[in-house]
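First up is the structure itself, then whatever we jot down about it.
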Amino acid sequence: MANTEIYQPCGLAEGTVIGDETVVYERDENGNVTGWHKAPVGA
Amino acid sequence: MASTQTWSEFNGTGAATETTSRAEANWKRIDDSTTAYSSSPINSTNNENSMTKYQALKFAGTWNSLSALTYKIDNNAPATGLSIVGAVVTAGTTPATTASGDSAMSTTGLAANFNSSSTPYGTGTSSTTAGGTMYANALRTQLQTTSSYAGGPGDIASRTITASWTES
């Protein structure tokens, strides 16, 4: 069953820019958020 | 016959300086294997990341065959605002606090090759029949935080990184 709640495991919306880094969400094949990481802006 | 294993940590330029037989590993804001983590904390209020940490499993002893090595962590998102990211690498990069760009560390297993008797950096092979010393490819991890973390200041719970392999 798909997760219908908005899961923000980092507490910030996807794409939030923090300094020179941005929040990237990770999703499974069903589109559910499974994790997150920061990546350099523009990477 | 059976292999023995220890964890090595790598710091400094090119993450090339090895500290052998590590009994612990802490994410912190300094690139060394000696400073207490409490002396170099990661400030989630400032959305800080730890230094990237390079570790590798180091085999010794005798064996017929080693294969199917994986690294995993028990939990890569232990709280809102905390993420432990990781990747198996074939080259060392000087540790830094900038985001590694790696994805959340696998909780099911990242495949790693067996590299050589002298370094964990290189392409390696998926199995090895040599005895003696053998480094698995290195694992790079980083603790990333955002100001949404509500548990600070203070220690976070310990995490367990597991290496698994097939041996005969």
Side-chain angles (χ1 to χ4, degrees), chain A, chain B residues 27 29 42-53 71-89 93-110 139-153 156-157 159 161:
Chain A
M1 184 169 129
N3 180 2
T4 56
E5 296 183 358
I6 299 173
Y7 175 49
Q8 293 196 342
C10 74
L12 299 173
E14 185 172 27
T16 299
V17 174
I18 303 169
D20 56 359
E21 298 171 349
T22 186
V23 172
V24 178
Y25 278 14
E26 299 168 19
R27 292 179 169 79
D28 63 18
E29 62 273 19
N30 297 316
N32 296 316
V33 175
T34 58
W36 64 277
H37 65 272
K38 287 191 253 181
V41 171
Chain B
W27 291 291
R29 289 280 287 184
I42 303 152
N43 189 337
S44 60
T45 302
N46 293 338
N47 304 296
E48 289 181 353
N49 308 317
S50 74
M51 281 281 181
T52 46
K53 182 167 290 294
Y71 294 116
K72 68 178 180 180
I73 196 166
D74 62 338
N75 187 338
N76 59 21
T80 297
L82 300 180
S83 183
I84 299 162
V85 303
V88 171
V89 297
T93 302
T94 304
T97 58
T98 51
S100 65
D102 295 334
S103 297
M105 177 63 192
S106 174
T107 57
T108 56
L110 287 173
L139 173 68
R140 175 178 63 206
T141 58
Q142 184 178 51
L143 173 60
Q144 300 185 342
T145 76
T146 72
S147 57
S148 300
Y149 176 59
I156 66 169
R159 300 267 58 95
I161 294 175

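Within every chain, numbering begins at 1; the chains are lettered A, B, ... in the order of the sequence lines, protein sequences first and strands thereafter. Since the model is a prediction, treat every value here as computed from it, not as a measurement.
- Without hydrogens or angle criteria, A:N30 side chain to A:N32 main chain gives no donor-acceptor distance under 3.5 Å.
- Counting heavy-atom pairs closer than 4.5 Å to chain A, the top-ranked of the candidates B:S103, B:S147, B:A150 is B:S103.
- Top candidate by heavy-atom pairs under 4.5 Å with chain A, chosen from B:N49, B:V85, B:N76, is B:N49.
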If you apply the rule side chain to side chain contact (heavy atoms under 4.5 Å, CB included), what do you find for B:Y71 with B:T141, and how did you get there? CA-CA 11 Å; B:Y71 294 116; B:T141 58; over 6 Å; no
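- Between chain A and the options B:S148, B:S83, B:G101, the largest number of non-hydrogen pairs under 4.5 Å is found for B:S83.
- A pairwise comparison of heavy atoms in B:L110 and B:G86 identifies CD1-O, 4.0 Å as the closest pair.
- In this structure, no portion of B:I84 lies under 4.5 Å from any heavy atom of chain A.
- Qualifying salt bridge (Lys or Arg N to Asp or Glu O under 4.0 Å) partners for A:E26, counting only residues two or more places apart in sequence or in other chains: none.
- Interface remark: B:A79 contributes backbone atoms only to the contact with chain A (heavy atom separation under 4.5 Å).
- Taking every heavy atom of both residues into account, B:R29 and B:E48 meet most closely at NE-OE1, 3.4 Å.
- The most heavy-atom pairs under 4.5 Å with chain B, out of A:H37, A:E21, A:K38, come from A:K38.
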